[in-house]
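Naming convention: chains lettered A, B, ... in sequence-line order (proteins, then strands); numbering from 1 in each chain.
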Amino acid sequence: MIRLQLPGGAEVEAQEGVSIREALADIPGIKKAVAAKVDGTVVDLSRTLTGDTDVIAVEPVMPGTDEALEVLRHTTAHVMAQAVARHFGMENVEFAIGPTIADGFYYDFDLPRSLTDDDLPAIEKIMEQIKRENLPIVRKEATDRNGALAIIRSYRAKSAFKQELIAGFPDGEAVSFYGQGEFTDLCRGPHLPATGKLAFFKLLSVAGAYWRGDEKREQLQRIYGTAFFDKKALKTLLHRREEAAKRDHRKVGPRLGLFRSLPEAPGFPLWLPHGTVIVNQLLAYMREKLERRAYQEIRTPHIMIDDLWKQSGHYDHYKDNMYFTEIEGRSFAVKPMNCPGAALAYKQGLRSYRELPLRLGEFGLCHRFERSGTLHGLTRVRSFVQDDAHIFCAAADLQGEILALIDLAHEVYREIGFGAPRMVLSTRPEDRTGSDEMWDHSEGELREALAKAGTDYTVNPGDGAFYGPKIDFMVTDAIGREHQLCTIQVDFSLPEKFDLVYAADDGERKRPVVIHRAILGSIERFVGLLIEQFSGAFPLWLAPEQVAVLPVSEDRHADAAGNVLQELRQAGLRAHVDWPGNKLGKKIREATLKKIPYLLVIGDREAESGTAAVRRRDGTDCGVLELGEMLRLLREERDTRSLTALLGATTTDDR
RNA sequence: GCUGCCGUAGCUCAGUGGUAGAGCACCUCCUUGGUAAGGAGGAGGUCAUGGGUUCAAGUCCCAUCGGCAGCUCCA
C-alpha cells in the first residue's frame with residue numbers, strides 16, 4: 001500500500017501499481033481532472049504509482065488552472081497533427097514539433113504542398129471527428145535512444161526530424177511516446193486521457209517556418225491554433241485579437257493622419273503633420289531630460305567615408321545592413337548607428353578627467369537595410385531617429401551612470417504612461433572582445449546597479465554584444481509582439497578602436513569606457529507603440545489637435561468662436577474652429593473620431609457670457625466653463641504632461 | 001530573403017469570363033442648427049505593374065512590385 005496526500009492534507013491509501021485515476025476515484029469532481037501533479041510534476045492520470053517514499057503528494061489538475069490549459073492545448077496540437085495526417089494521408093506528412101505557446105499552440109509539418117487558409121476548416125472538421133471517436137491516449141516508453149529510434153522507425157516511414165530530435169537527447173534516459181488511434185508522436189507529455197476530452201478549439205492561421213528556426217534548413221508548414229476548456233474564454237481570446245487589431249498602429253496611424261507607408265519608400269515612413277507634432281513633442285520632452293541630467297547635444301554627419309566604418313568595425317560586422325554611395329570615386333556609407341560620429345566628437349581636443357562623465361546626446365537619423373519580409377509599420381523600419389547618447393566615463397563611474405540611466409528610463413516610461421517594461425541583462429557571449437577582468441567588472445556593475453534600482457530583471461547569459469554587456473527594456477505591442485525600447489550597452493571596444501583617451505588626475509593618458517544608450521529607442525517604433533497604448537487618444541501634451549472649437553451656428557457665433565480660438569492659440573494650444581455648415585451633432589462626431597481631447601461648443605449662451613461648453617472625446621460633459629479658468633486648466637494639463645484629463649476630472653478619460 | 005494570403009475611387013470594401021459598383025471623405029447648392037452622421041446634386045478608377053490564355057480578363061495563368069501573417073536577421 002502507498003499513502004497519498006491530497007491538497008488540504010487528507011490522505012488516501014492505494015494499491016501499488018494502480019493508476020492515479022483509480023487511486024483518486026472517490027474524490028468528488030475527479031471526473032473533470034485532466035492530469036495530476038505528483039510531487040509538483042504534472043503527469044498523466046494513467047500514470048501508475050509506485051511507493052518508494054512514505055507519502056506521495058498528489059493533486060488533481062483541474063480545468064481552470066494554467067497546467068490544465070497547457071495539457072489541453074498540447075493534446076489539441078496532437079489531434080491537429082493527426083487530423084493533418086488524415087487530410088493529406090499519413091505517408092505524405094512528416095511531423096516536426098508542436099509545442100504550446102502563450103495563447104495556444106502550433107505544429108510544424110513537412111507537406112507535399114503548401115497550406116492555405118482554406119485547409120483550416122477541413123482540418124478542424126477532422127479534429128471534431130477524432131474528438132467524437134474518443135480514442136484513448138496511450139503513453140509508451142523506450143528506455144534509451146536506440147529503443148526510441150526503433151519505435152519511431154516502426155510506426156512511420158518518414159521521421160528524419162524526430163530522429164534528429166532523439167539523437168539530441170541525453171542517452172540512457174527514457175523517451176516517451178503518445179499514441180491515439182493510428183497516430184503516435186514523440187512527446188514528453190502529459191496528455192488528456194482520451195481525444196473525447198478535447199474542449200473548444202480554433203485553428204487561427206497558417207505560416208511558413210523553418211526546421212529549428214534555421215533558414216538554411218527545411219521550410220515547413222506551420223498551423224497556429226488555440227484551445228480552451230471554456231467556450232467563453234475562447235470567444236474572449238478571439239475578441240481580444242480583434243480588439244488588438246483595431247488599435248494596430250498601422251491602421252490607426254494613417255487614419256488619424258499621423259504617418260503613411262509608401263510603396264515608393266518601403267520601410268521609410270512618411271510623417272504627416274499630425275505625426276510630426278507627436279515626434280517633435282517627444283524630442284522636446286527628451287531634450288528637457290537631457291538638460292536636467294547634464295547632457296550635451298551633438299549632430300554627427302549622416303554620410304562618412306568607408307574608412308571610418310572599417311575602423312569602427314561596422315564594415316566587418318554590419319556591412320550587409322548598410323547603405324553605400326559613391327561620390328568622386330570614393331565610397332561613403334550612410335550611418336546605421338551614431339557611435340563613430342560620437343567617438344569623433346569626443347576626440348576633438350584632449351579630454352580631461354574633469355570633463356568626465358561626458359554625456360553626448362544625439363537625436364540621430366540612422367539608416368539600416370532590413371529585409372523586405374521583416375518590415376512592419378513603424379516598429380520595423382529602414383530609417384529611424386534614435387534618442388541616442390554616448391557616455392564617456394572612467395570605469396569607476398560605470399555603476400553610477402548605469403543606475404542614473406535605469407532611473408531615467410523608468411521615469412520616462414512612467415511619465416509617458418507606458419506599462420512597466422520587462423528588463424533583461426545580457427552577459428558575455430563566447431565570441432567577444434576585452435579581457436575577462438573588464439567583463440567581470442562591468443557585468444558586476446550592471447548587476448549592482450539593477451539591484452540598487454530595486455527592479456526585477458531576467459538574465460540572458462551569452463546574449464551580450466561582443467563589445468560589452470547590456471540591459472534591454474522590452475515592451476509588448478497590441479498584437480503581442482515584444483519590442484526593445486531602451487538599451488543600455490557597455491562598450492570597451494569603441495574607445496580602443498578610436499584610440500580615445502583622457503588625461504587622468506595624475507597626468508597619465510587613460511582609456512574611457514563608453515556607454516551607448518537610447519531611452520525611447522527608435523522614435524518611430526516608440527510612436528507606433530504609443531499609438532497602440534493610447535488607441536490614438538493621446539494625452540493632451542502629445543495630441544496633434546488639442547482643442548476643437550465648435551460654433552453652434554456658423555453666422556451668429558463666428559466672432560465668439562474666433563475669439564476663443566485666438567485665446568487658445570495665444571496660450572500655445574493646438575486648436576482649430578470647425579466651420580463647415582454641419583449640424584453640431586456631426587461636428588462632435590467628427591472631432592470625437594479624430595480623438596481630439598477637448599471640444600468647445602460655442603452658442604448663444606456661451607457667446608454672451610464669455611464661456612464655453614466643454615465636452616471630452618470620451619463623451620463626458622464637463623459643463624460650462626469660464627474661458628480664463630478653462631485656459632488655466634488646459635495649460636496645467638499640458639504643462640504637467642498629465643495622463644488624465646483635468647477638465648471634468650470627476651471621471652477618468654477613456655484612453 | 002523564404003512559405004502562404006492579399007492588392008478594385010482618397011479611405012473601407014462588393015463585384016467567379018460579357019458595358020466598373022456601394023458607403024464614407026471631397027466639390028457645389030439648399031438647410032443656420034445645442035452635444036456622435038440634415039438633404040440634393042457632382043466629380044473621382046489604365047481594377048498595383050508587365051506579359052500570357054481567350055472572340056472577350058478586374059475575374060484564369062506567369063513574372064515583378066507593394067502590403068499582411070509567420071519564419072529568419074538585428075555586430
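Using a 4.0 Å heavy-atom cutoff across all strands shown, Ser312(A) reaches at least one base atom of the nucleic acid. Tyr224(A) comes within 4.0 angstrom of the backbone, heavy atoms only, and of no base. Within 4.0 Å of Ala613(A), counting heavy atoms only, lies at least one base atom of the nucleic acid. Gly603(A) comes within 4.0 angstrom of a base, heavy atoms only. Residue contacts for Asp316(A): at a heavy-atom cut-off of 4.0 Å it reaches no nucleic acid atom on any strand shown. Within 4.0 Å of Leu593(A), counting heavy atoms only, lies at least one base atom of the nucleic acid.
Note on Asp214(A) versus Arg212(A): no salt bridge recorded, every NZ/NE/NH1/NH2 to OD/OE distance being 4.0 Å or above.
Between Phe161(A) and Trp211(A), the angle of the ring planes lies from 30° to 60°, which puts this pair in the tilted group. Note: His78(A) and Tyr107(A) have perpendicular aromatic rings, judged against thresholds of 30 and 60 degrees for the angle between ring planes.
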For nucleotides 4-11 of chain B, list the nitrogen or oxygen atoms of the protein found under 3.5 Å from its nitrogen or oxygen atoms, one pair per line.
{"unit_1": "rG4(B)", "atom_1": "OP1", "unit_2": "Ser114(A)", "atom_2": "OG", "d": "3.4"}

Under 3.5 Å, which N/O atoms of the protein pair with N/O atoms of nucleotides 45-50 of chain B?
none

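For rU16(B) and rC61(B), the C1' atoms lie 15 Å apart once the distance is rounded to whole Å.
Non-hydrogen atoms lying under 4.0 Å from RNA chain B are contributed by nothing in residues 490-498 of chain A.
Taking 3.5 Å as the limit, the base of rC74(B) and the side chain of Tyr318(A) contain no donor-acceptor pair of atoms between them.
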For nucleotides 24-32 of chain B, give me one character per nucleotide, 5' to 3': B if any protein heavy atom sits under 4.0 Å from the base, S if the only such contacts are to the sugar-phosphate, - if neither. -S------B

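Taking the centre of each ring, Tyr467(A) and His317(A) stay at or above the 6.0 Å mark.
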Could you walk me through whether Leu258(A) and Ile531(A) satisfy the side chain to side chain contact (heavy atoms under 4.5 Å, CB included) test, starting with their C-alpha distance in whole Å, then the side-chain angles of each, then the deciding distance to 0.1 Å, before giving a yes or no? CA-CA 10 Å; Leu258(A) 305 182; Ile531(A) 292 170; 3.6 Å; yes

One pair to check against side chain to side chain donor-acceptor pair (under 3.5 Å): Ser331(A) and Asp306(A). What are the steps and the verdict? CA-CA 6 Å; Ser331(A) 182; Asp306(A) 280 4; 2.8 Å; yes

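Scanning for salt bridge (charged side-chain N to carboxylate O under 4.0 Å, His left out) contacts around Glu629(A) gives Arg632(A), with sequence neighbours left out.
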Review item, side-chain donor-acceptor pairs of residues 581-588 of chain A, under 3.5 Å, at least two apart:
{"unit_1": "Lys587(A)", "atom_1": "NZ", "unit_2": "Pro551(A)", "atom_2": "O", "d": "2.9"}
{"unit_1": "Lys587(A)", "atom_1": "NZ", "unit_2": "Asp578(A)", "atom_2": "O", "d": "3.4"}

